[in-house]
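These notes are about the structure you will find just below.
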Amino acid sequence: MDLHFTSDEPTADEREAVDALLGPPESSWRGGARDPHADTRHVDGGRAVRELRHLLLPALHALQGRRGWISPGGLNYVSARLGVPPADTYGVASFYGMFSTTERPPTVVHVCDDVACAPRGAEALCAELERRCGPAGSSQDGRATWQRSPCLGLCERGPAAFVQQAGAGREDQSLAPASADALEAVLRGREVPERPGTGSVPQAGSPELRLLTRVDVADPASLDDYRAHGGYRALRRALQVGPAEVLRELHDSKLAGRGGAAFPAGVKWKAVAEAPARPHYLICNADESEPGTFKDRVLMEQDPFAVVEAMTIAGYAVGAERGFLYVRGEYPEATRRLAHAIGQARQRGFLGANVLERDFSFEIEIRRGAGAYICGEETALMESIEGKRGEPRNKPPFPVHVGLFGKPTAINNVETLVNVLEVIAHGGDAFAGRGTAASTGTKLFCLSGCIEKPGVYEVHFGATLGELIALGGGVRDGRPLQAVLLGGAAGVFVGPAELDMPLTLEGARERGATLGSGVVLVFDDHVDLKPILARIAAFFRDESCGQCVPCRVGTVRQEEALARLLAGGADEARERALLAELEQVMKDASICGLGQTASGAIQSAIRRLGMFGGRA
Amino acid sequence: MTHAVPIAPPRRLVELEIDGQKVKTREGSTLLETLRAHGQDQPTLCHIENLTPVNVCRVCVVEVEGARTLVPSCSRKAEPGMKVKTDSERVRHSRKLVFELLASSVDLSLVDARTRGFMAKYGVDPERFGPRAQPAAANQRDAAKPGHHHHPQPGLAATVAQPVKVDNDLYVRDYSRCILCYKCVEACGEDAQNTFAIAVAGRGFDARISTEANVPLTDSACVYCGNCIGVCPTGALMFKSEHDLRARGEWHESRQTVTRTVCPYCGVGCNLELHVQDNRIVKATSPLDHDVTRGHLCIKGRFGWEHVQPAARPARETDSTEKEPQP
Ligand SMILES: Cc1cc2nc3c(=O)[nH]c(=O)nc-3n(C[C@H](O)[C@H](O)[C@H](O)COP(=O)(O)O)c2cc1C
Ligand code: SF4
Ligand code: SF4
Ligand code: SF4
Ligand code: FES
Ligand code: FES
């Protein structure tokens, strides 16, 4: 392709960061030094170049991580290296929240002010930070700044912060719980140790557990420890019985997807396994960004080998030799531990060519997200891996037929995959024997907000909402319960009268609710829900990809109507009617689940909790 | 004109039901093609025959029995036995709201008569979202950061209003009129021009059409083929000649004639439609149904006609077209 570039040149640093990822450039056509002799005798373009585009996000991460922003010169260099038009590269870079296309300080502290951190003092923290270090977006010395952030997936330890640290050898880190002292120290350029994330599973060590058995028990960095605690039994069994038997066990288990849509995993895998087009791909969706959700992070940080083993089994069953692990960009610790686990597994023959000396090869590539909730949507995630803006695709066709790089693709949530180990190790029937007939197995719930012992809890499907809250030690300080946000920002509010709701797929559905990604966010009677609703409306406006009109403009109009209601003095009946009209068009006509669920929580606050004169 | 020799077997017919009537259509047709073939036009904004459907505007949605959501007729293929409703309560509601959401945030005053007809049919009332917020300053929307929240201005409806971008002598970009239909991007890219000078940048309501880092067109890859102008449904992309005449209040379509001719520059044979007002060519378009170039041209056919007419009157700079500073 004949690309046109502005005259901006990369710095030596930028070149080095990109070359560390891509190797040195082959020719001046690909960003190298000019050579009048060789340059005119060079054939370039076509498929070989188009096949590089999937490296765009990693290359932009390299630039961002080195200089703290993506400069026009850096953008030109990456575009030249990968044969991507600079306007396209800019379109991609400007889509993702972790990338900056304008100059900014190398250290950026993202302070969560989202729904689960709000009742844990997030606003007070932001106010204190503003008092000490200046308002969000300001910088005292040009070295560091802070800004507000949506949920960082650290809700059990809120208020939470995530620090982007650019420069050679510097790495991003999480801080939770985040104190004003620690954040001020980071902003003033001091090192603050990242605290290890144990204690996220209050049930740790309990014999009742099935998915969380190794948490706080086995060393997440040790393959031997993993194996000593049951690791790699499932893969051995899978390789013994063959892919058809794996598919049958999975079918018998009736395992439903845990990423929100509850689609039967067995049906999905079978469709991919049988799809005639080749190659097949496997993706593990670890982009966990639904406000209030942190279970996948805990699994990845505490039991990374389980994710690797489960992906290997999935690849074997669906006939894929390449798996992508798309990890949320704000999860630096999970990313490091997974990378370590993949390296160990490869070294010991659990990954790579001829896994365990069988006629089966499998590789896993980690891809880091870059700050976009929408990339958790399966087709947006595929676009993102392909080096594009994270815009969901229209369905049909479905990913099982036309997925990543246009090929049949199985995509599953982290928790779904980890369940597969249980299914294969103990059999599909045994798995289906737990839970209820329609919701089999155990489920992870993310308890946060005004709860005595926040964390990830594993229960058999069928426990009630009240039982789960009791398991978490009840409402904080014994206060009365005001409401629970079930399923996250894309979920619904339920009131104290619904504590008897069984936490099953069918039980929630019967009550017009959803389990979504397993969020159980508790609000006591002290919490003012109005700013919480405003935060949810803001979240959807900020995270809409902007592709389709109902969601792009609908989320804006929804936030505006809500703002009028919150300001007081509005005609409540009129605004409620307008919000209901917006809900209908977003539900009916949006391309993807983001727009389709963007009004759910607000509507449930009106209809179930009776806010703004709605009928409870 | 060439006539393609059919080499594939003739396509089979599928039978489906539309608004209670049984209809037959060729396998592989979209619902929109089927509906149009049966004389039922549907509103469309992001669809045009010479580009791949992107199905983003959602104004063409129809109800398909058994589907949880409405489906875009412009890209959904007809299937045997499908039961389609084009005028149900849900369909009317979504179409009305989509038009209202657009008209309340974008200047739709230059859309074609067909679209205006549909807006009237669905009773579109964009004013009910409240008075409009102040327009953005030049390049302000281009500087928006993904995920960065803008609090709503109390009581006001956000819009995309902003000054016109005038950075070259051939065409202007008035993104106050941009509905983000992706057509210009497709025309500039793989669907026609393969120049890739523009792309969608930003996210959500801040998404916009942009060159790399919002550089002026003159610094971008643009080759001024004007194919983006040719597909723009809202007048956001406009010949400078038309823009200047409009700004002076001298644009009069009633006084214009359209002459179809063949571009004289090279041997491809692109057809031109020369729009002439007061004996001057004021813009050039190309018919979509012409099988040489399907509405697309190059800079010569699109803009290379000034030599056939006396030099334009000395351009009086108009208030709305001041050159913008670079960001
Ligand atoms: C806006 C949006 C965000 C999503 N985010 C996630 C996510 O972070 N993780 C996830 O596993 N699934 C997410 N999903 C669901 C995925 O699209 C998909 O259904 C899921 O990854 C399939 O895996 P499963 O069948 O194992 O649940 C999201 C869906 C939508 C609409
Ligand atoms: S519903 Fe929202 S997030 Fe989904 S495609 Fe449409 S604009 Fe993008
Ligand atoms: S004039 Fe042609 S090259 Fe320039 S932006 Fe439009 S379509 Fe692209
Ligand atoms: S400028 Fe015109 S063609 Fe391009 S996206 Fe906007 S409305 Fe569509
Ligand atoms: S980390 Fe703050 S709400 Fe989840
Ligand atoms: S015309 Fe069908 S979605 Fe735009």
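So you know, we letter chains A, B, ... as the sequences are listed, proteins then strands, and number each from 1. Atom set for the values below is all heavy atoms of this structure, side chains included, hydrogens, waters and symmetry mates excluded.
A pairwise comparison of heavy atoms in B:Ile179 and B:Pro233 identifies CD1-CG, 4.0 Å as the closest pair. What you find for A:Ser71 and A:Glu14 is that their closest heavy atoms are OG-OE2, 2.6 Å. Here the closest non-hydrogen pair linking A:Val111 and A:Cys126 is CG1-SG, 3.9 Å.
Within the 4.5 angstrom heavy-atom criterion, only side-chain atoms of A:Arg574, from C-beta onward, approach chain B. Interface remark: B:Ile198 contributes backbone atoms only to the contact with chain A (heavy atom separation under 4.5 Å). Proximity to chain B involves both the backbone and the side chain of A:Arg552, based on heavy atoms less than 4.5 angstrom apart. With a 4.5 Å cut-off on non-hydrogen atoms, A:Leu75 touches chain B through its side chain but not through its backbone. When heavy atoms are compared at a cutoff of 4.5 Å, A:Ala563 approaches chain B solely by way of its side chain, counted from C-beta outward. Only the side chain of A:Gln596 comes within less than 4.5 Å of a heavy atom of chain B; its backbone N, CA, C and O stay farther away. Residue B:Ala197 touches chain A through its backbone alone, counting heavy-atom pairs closer than 4.5 Å. For B:Leu156, the part lying near chain A is the backbone, with the side chain staying farther off; criterion is any non-hydrogen pair under 4.5 Å. Heavy atoms of A:Tyr373 lying under 4.5 Å from chain B are absent altogether. For B:Ser105, the parts lying near chain A are the backbone and the side chain together; criterion is any non-hydrogen pair under 4.5 Å.
A 4.5 Å side-chain heavy-atom check between B:Tyr175 and B:Val160 finds every atom pair outside the cut-off. At a threshold of 4.5 Å between non-hydrogen side-chain atoms, the residues B:Glu127 and B:Arg132 count as touching. Side-chain atoms of B:Thr115 and B:Phe99, non-hydrogen and from C-beta on, do get closer than 4.5 Å to each other. Side-chain contact check for B:Arg128 versus A:Glu581: some heavy-atom pair is nearer than 4.5 Å. Side chains of A:Thr101 and A:Tyr90 form a contact here, defined as non-hydrogen atoms less than 4.5 Å apart. You'll find the side chain of B:Val59 stays beyond 4.5 Å of the side chain of B:Phe118, heavy atoms only. For the pair A:Cys151/A:Phe539, no side-chain contact is recorded, criterion being any heavy-atom separation below 4.5 Å from C-beta on.
Taking B:Val231 as the reference, B:Ile48, B:Asn50, B:Leu51, B:Lys183, B:Ala187, B:His296 meet the side-chain contact (heavy atoms from CB on, under 4.5 Å) condition, with sequence neighbours excluded. Taking the side chain to side chain donor-acceptor pair (under 3.5 Å) definition, one finds that B:Thr159 meets it with nothing, sequence neighbours left out.
Judged purely by distance below 3.5 Å, without hydrogens or angles, the side chains of A:Thr555 and A:Ser544 never pair a donor atom with an acceptor atom. B:Asp206 and B:His148 are not linked by any side-chain donor-acceptor pair at a separation below 3.5 angstrom, with hydrogens and angles left out of the test.
Heavy-atom contacts from other residues, nucleotides or ligands closer than 6.0 Å to CD of A:Glu386 number more than 12. Shown here is B:Lys83, whose NZ atom has no more than 12 heavy atoms of other residues, nucleotides or ligands within 6.0 Å.
Across A:Ser590, A:Ala570, A:Pro396, the residue that shares the most heavy-atom pairs under 4.5 angstrom with chain B is A:Pro396. Highest contact tally toward chain A, considering only B:Val98, B:Leu97, B:Val200, B:Val61, is held by B:Val200 [criterion: heavy-atom pairs under 4.5 Å]. Put simply, of A:Pro550, A:Ala567, A:Ala372, the one with the most heavy-atom pairs under 4.5 Å next to chain B is A:Pro550. Between chain B and the options A:Gln147, A:Lys587, A:Gln547, the largest number of non-hydrogen pairs under 4.5 Å is found for A:Gln547. Heavy-atom pairs under 4.5 Å with chain B peak, among A:Asp88, A:Thr6, A:Thr102, A:Asn394, at A:Asn394. When each of B:Gly204, B:Ser210, B:Ser104, B:Ala199 is scored by its heavy-atom pairs under 4.5 Å with chain A, the top score falls to B:Gly204.
A:Phe95 does not carry A:Arg389 over the face of its six-membered ring by the limits of under 6.0 Å from the centre and within 45° of the normal.
Residues of residues 220-229 of chain B that come closer than 4.5 Å to chain A, counting heavy atoms only, are B:Ser220, B:Ala221, ordered by residue number. Contacts between residues 63-79 of chain B and chain A, counted as heavy-atom pairs separated by less than 4.5 Å, involve B:Arg68, B:Thr69, B:Leu70, B:Pro72, B:Ser75, B:Arg76.
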